[in-house]
Amino acid sequence: MNNILKSVRPVMSMDAAHMKSCWKGTIYLAVVKTAMDEILPVAMSIQRDNEDREGWTYFLKYLRRACPVLMAQ
């Protein structure tokens, strides 16, 4: 995956959404756009609590660890 990520556009979109069904919690998502205008999901995390600073810190910590090539750009 890191080889693919070397050629994506240098912008990452991140968002969180609340899940209100029987699966209560928050889903965090990070995506990038390829040179062919395709959307490539990079990371996803589902957490029990509401969206907060602690949730974003956890998500970004593991995103950086999983995809170091993204942080080098």
Side-chain angles (χ1 to χ4, degrees):
M1 177 121 183
N2 279 334
N3 288 335
I4 294 170
L5 294 177
K6 288 180 182 177
S7 62
V8 298
R9 294 180 185 194
V11 175
M12 179 182 290
S13 297
M14 292 181 274
D15 198 8
H18 301 279
M19 299 184 298
K20 296 184 179 183
S21 65
C22 61
W23 308 101
K24 304 266 189 246
T26 305
I27 184 168
Y28 295 82
L29 185 66
V31 298
V32 292
K33 223 174 185 187
T34 68
M36 303 287 291
D37 282 334
E38 299 167 326
I39 296 173
L40 178 65
V42 175
M44 179 188 77
S45 173
I46 297 175
Q47 299 179 28
R48 286 184 128 164
D49 300 326
N50 288 327
E51 179 181 3
D52 58 7
R53 183 182 194 106
E54 185 178 323
W56 275 110
T57 303
Y58 173 87
F59 178 67
L60 294 172
K61 174 184 172 184
Y62 287 100
L63 173 63
R64 175 177 282 182
R65 187 179 294 178
C67 302
V69 69
L70 292 173
M71 304 308 157
Q73 293 181 353

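As the structure is a computational prediction, the values presented were derived from the model and not from experiment.
In this view, Thr26 satisfies the side chain to side chain donor-acceptor pair (under 3.5 Å) rule with no residue, not counting sequence neighbours. Glu54 is linked by a side-chain contact (heavy atoms from CB on, under 4.5 Å) to Asp52, counting only residues two or more places apart in sequence or in another chain. The side-chain contact (heavy atoms from CB on, under 4.5 Å) search around Asp37 returns Arg9, Lys33, not counting sequence neighbours.
The aromatic rings of Trp56 and Phe59 stand perpendicular to each other, their planes meeting at an angle above 60°, with 30° marking the opposite boundary.
Within the 4.5 Å cutoff, the side chain of Glu51 has heavy atoms near those of the His18 side chain. Using a 4.5 Å heavy-atom threshold, the side chains of Asp15 and Leu29 count as separate. Taking 4.5 Å as the limit, some side-chain heavy atom of Leu60 sits within range of a side-chain heavy atom of Met14. Counting heavy atoms from C-beta outward, Tyr62 and Ser45 have side chains that stay 4.5 Å or more apart. Within the 4.5 Å cutoff, no side-chain heavy atoms of Gln47 are placed close to those of Ile27.
Listed for the Lys61 side chain is no donor-acceptor partner under 3.5 Å among the backbone atoms of Thr57.
Note: the hydrophobic cluster containing Met12 does not contain Tyr58 (ILVMFWY, side chain heavy atoms under 4.5 Å, direct or indirect links).
Closest of all the heavy-atom pairs between Ala43 and Leu63 is CB-CD1, 3.6 Å.
Distance check, rounded to the nearest 0.5 Å: CH2 of Trp23 to CD1 of Ile46 gives 9.0 Å.
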